[in-house]
Amino acid sequence: MSDLLIKNVRVLDGDPTEILIRDGRIAAIGDRLDQAGAAVEDAGGRIALPGLTEAHTHLDKSLLGYPWYHNDVGGGNLMAMIDNERQMKKRLGLDPHVQSMRHALQTASFGATLIRSHVDIDTTGGLSALEGVMETAEKLADVVEIQTVAFPQSGLMISPGTANLLDEAMKMGADLMGGLDPCGVDRDPKGHLDTIFALAEKHGKGIDIHLHERGELGAFSMEQILNRAEALGMKGMLTVSHAFCLGMPDPARVNPLLERLGALEASIMTTAPASSPAPLVKQMAEYGIRFGAGNDGIQDIWGPYGNGDMLERAKFVGLRSNLRSDAEMYMALDVCSGGGAQAMGMERRELKVGAPGDVVIVEGIAVAHAIVHHAPRKLVVKAGRVTARDGETLMTAP
Ligand SMILES: [Zn+2]
């Protein structure tokens, strides 16, 4: 943490002013602030945004730094993609620490100061992915805070030995218990959910479960998840990632689920997918559900998409939710910054006195303009320290 004065900076769409960060927090916003002892950066009239939040990704397995990967497995067959990935990771000799350093630093270079990463736990790789990502989290603690989710990517009930590995992962210090399509992958919703909720309870941690199941099947799984979270009193401790089922066009079926998620102060993480109905920004706000967004895996064996840029993701959030006005574009930004932080159980990132000193300086005429044009990042500041300049982190990736 250090003291920093950012001069000649526009707070969102405001007039040029100054932001003073002291002891890692925003101490003042205004003109002619007392800069004694603080480093000074001139933003040149550019726009300040709150630190961005990558709330759903997979740091352990991107192919950044590798030659371009030619993918033979198309979308649509989940089990084929899962099996292909487990085999290819081994064949390519991916080092989860090196890959997570590359991925996290690239994400930070775009302005993210918080990342939640699911990390594969399976009987092929064991705990090696978690070890690698936790090493990265430690090395990058001053650049980007990384949460880890112990994620049974290859299934749990269909893969004996995985439950013990998840238990070990939680002992090692994974921040959350993960899960995956209890019907679609394991075909045993009771077995899958009983196991992950028991592990979460045993270790006193929250849950972040991938739920891709659509329509009625997804709604059924969501009910099973909510039943357990309610019984255990997991207020503020439940995240459902993707939750495509909440985007289905049947309010009589969806709204009771939204009510229950809101009452639990649960979080939903979305990629704002172009290929599927999905939860929408105003719908989540209406029910008091915390809402974050992420790239999901980037440039990996699953697919070529994603780059870690959460400002670009804000554009996708806006497109998915049909957001257009300036006020609505702020909502899209918030899902990818302060709101996403809150969905991760962290303090909101926002540009006000007392908030964490995480600030991104971007080019652009206005916030909406910066979002839709993926504006270049001039400066990224984490807790008052400059961590990236002109789109490059000060720390270099291996
Ligand atoms: Zn994912």
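Counting starts at 1 for both ligands and their atoms, in listed order.
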Can a side-chain donor-acceptor contact be found between [Y] and [X] if the only test is distance below 3.5 angstrom?
X      : Y      : value
Thr271 : Asp296 : no
Lys61  : Gln153 : yes
Asn227 : Arg260 : yes

Revision key, fill the gap. Taken in chain and number order and not counting sequence neighbours, the residues that satisfy side chain to side chain contact (heavy atoms under 4.5 Å, CB included) with Pro304 are Trp68
Check your understanding: Is the NZ or CZ atom of Arg214 positioned over Phe244's six-membered ring, under 6.0 angstrom from the centre and within 45° of the axis?
Key -> yes
Practice item. Using 2.8 Å as the cut-off, count the protein N, O or S atoms closer than that to the Zn ion (ligand 1). Key: 4
Review point. Between His56 and His210, how do the two ring planes meet: parallel, tilted or perpendicular, split at 30° and 60°?
Key: perpendicular
